[in-house]
Amino acid sequence: MNSDEIKYTRILNILRKSKPVFHSADDIEDKVMKRIMRKEEKQEPSPGILNFLFGWVYIGWVRRGLVAASIILVIAFVYQQTVILKRINNLNRQAVFIESQIITGSSDNSDAAFLYRLAGRKLPAGKINISEKQVKRLMKSYNELEAKYKDLIKLIEEDPHLRKYVEEKLDESSKKKFNM
Amino acid sequence: MIDYEIIEECRRGNFRNFRELVRKTSPFAFSVAFRMLGDEALAEDVVQETMVTLWQKIIKIRSAEGFRKWFYKTVVNKCYDELRKRQKAREYNPDESEWAIISNHLSHELSTELENRETAAIIDLLTRSLSPKQKTVFVLCDLEEMTPDEASAITGMSKTNVKANLHYARKKISEMIIKYI
């Protein structure tokens with residue numbers, strides 16, 4: 001041990017030996033107890049106010065009535081939630097059903113399905129509003145045109161030269177439309 | 001220090017003997033607080049605060065055995081807050097008279113104990129250059145004679161951290177002693 005270490009140890013011993021003297025122990029004790037008492041008093045509101053605010057909970061019929069009311073409210077809430085959920089599920093299913101009808105063409109309204117296919121499936125479901133009457137008129141005119149030009153279509157399909165000529169003309173007209 | 005019966009009673013909500021608990025434990029709280037803060041009035045405030053906290057939380061202490069750790073931890077944390085507050089505005093002005101007290105004690109092997117004022121002055125001078133952590137560890141391990149395990153439990157530092165801080169604290173204090181005595 002060198003002299004510095006000895007000094008350190010001796011100083012440490014002096015400090016250890018000299019325990020701080022707690023002069024005002026009693027005073028602090030009293031202060032602590034007073035503070036605690038004060039806090040306890042603050043924590044407990046006067047019984048008069050408590051009785052005024054919450055005294056009614058000790059009346060038997062009020063308690064029973066409140067319990068019954070709360071049970072009824074809970075039941076009503078649960079019932080309402082069930083009904084709402086059921087309706088939401090139902091509406092959800094309907095929306096999916098209608099869309100699938102349009103896409104697959106499985107509906108009884110075959111005209112609508114046909115129109116959808118004719119449009120090259122480019123009509124987004126639910127975005128265009130056409131009345132049933134308008135659809136029927138459109139389909140009727142399409143069918144009439146098909147029947148009217150049935151012979152002409154047959155003639156063109158049978159003659160390859162004519163068919164080629166018609167196709168060329170149709171191509172030209174479509175190009176013109178495109179240029180415009 | 002620990003009277004398990006009183007603690008157990010207070011834990012169960014019986015505060016009749018709380019005054020007794022305060023009487024028995026407050027000197028220990030004061031010793032740590034005074035050595036850490038070097039100010040009697042501040043140390044007394046810390047003791048008061050600790051005792052009020054003790055009253056509020058004693059029911060939550062899991063066991064009477066865990067009381068000692070909890071108690072010192074509360075004291076140290078309160079002192080630690082004070083030290084951090086004070087650390088910002090500190091200047092070092094070595095006081096000849098206080099170094100003279102130490103020299104006198106060292107040279108004449110005085111058997112009398114130091115007064116509070118002298119103890120505070122010496123600890124303050126020796127630990128001026130220490131961080132709050134280092135000072136805490138020094139007070140707990142070297143002055144209150146706790147083991148690094150106990151200091152670790154009280155301060156929340158790891159055992160290695162406690163040892164490292166203690167090493168640096170001792171080194172800095174030794175430097176101060178070499179420089180001024």
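Per chain, numbering begins at 1; letters A, B, ... match sequence-line order.
The hydrophobic clustering, which links ILVMFWY residues whose side-chain heavy atoms are closer than 4.5 Å, places B/L21 and A/M33 together. Criterion: ILVMFWY side-chain heavy atoms under 4.5 Å apart, direct or through other members. Under it, A/L170 and A/Y165 are not part of a common hydrophobic cluster. No path of Ile, Leu, Val, Met, Phe, Trp and Tyr side chains, each step under 4.5 Å between heavy atoms, connects B/V162 with B/V76, placing them in separate hydrophobic clusters. Both B/F18 and B/F28 belong to a common hydrophobic cluster when Ile, Leu, Val, Met, Phe, Trp and Tyr are linked at side-chain heavy-atom distances under 4.5 angstrom. Under a hydrophobic-cluster definition in which Ile, Leu, Val, Met, Phe, Trp and Tyr are linked whenever side-chain heavy atoms come within less than 4.5 Å, directly or via other members, B/L130 and B/V137 are assigned to different clusters.
Using a 4.5 Å cut-off on side-chain heavy atoms (C-beta onward), B/E144 and A/K19 make contact. In this structure, B/W55 and A/V32 have side chains that are not in contact, with every pair of non-hydrogen atoms separated by 4.5 Å or more. For the pair A/R35/B/E49, a side-chain contact is recorded, criterion being any heavy-atom separation below 4.5 Å from C-beta on. Considering only heavy atoms from C-beta on, B/R19 comes within 4.5 Å of A/D30 through its side chain. Side chains of A/S24 and B/E44 form a contact here, defined as non-hydrogen atoms less than 4.5 Å apart.
Between the CD atom of B/Q48 and the NZ atom of A/K31 there is a distance of 5.5 Å, given to the nearest 0.5 Å. Going from atom CZ of A/F22 over to atom CD of B/E40 covers 9.0 Å, rounded to the nearest 0.5 Å. Annotation: the span from A/I28 atom CD1 to B/D45 atom CG amounts to 7.0 Å, rounded to 0.5 Å. Atom CG of residue B/D142 and atom CD1 of residue A/I11 lie 12.5 Å apart, to the nearest 0.5 angstrom. A/I36 CD1 to B/M51 CE: the interatomic distance, rounded to the nearest 0.5 Å, is 9.5 Å. From B/L143, atom CG reaches atom CG of A/L12 across 6.0 Å, with rounding to the nearest 0.5 Å.
Residue B/Y168 qualifies as open at atom OH: its count of foreign heavy atoms under 6.0 Å is 12 or below.
With side-chain heavy atoms closer than 4.5 Å counting as contact, directly or through intermediates, the hydrophobic cluster containing A/Y79 also holds A/V83.
When heavy atoms are compared at a cutoff of 4.5 Å, A/R16 approaches chain B by way of both its backbone and its side chain.
Of the possible polar contacts, one joining the B/R35 side chain to the A/L15 backbone as a donor-acceptor pair under 3.5 Å is found.
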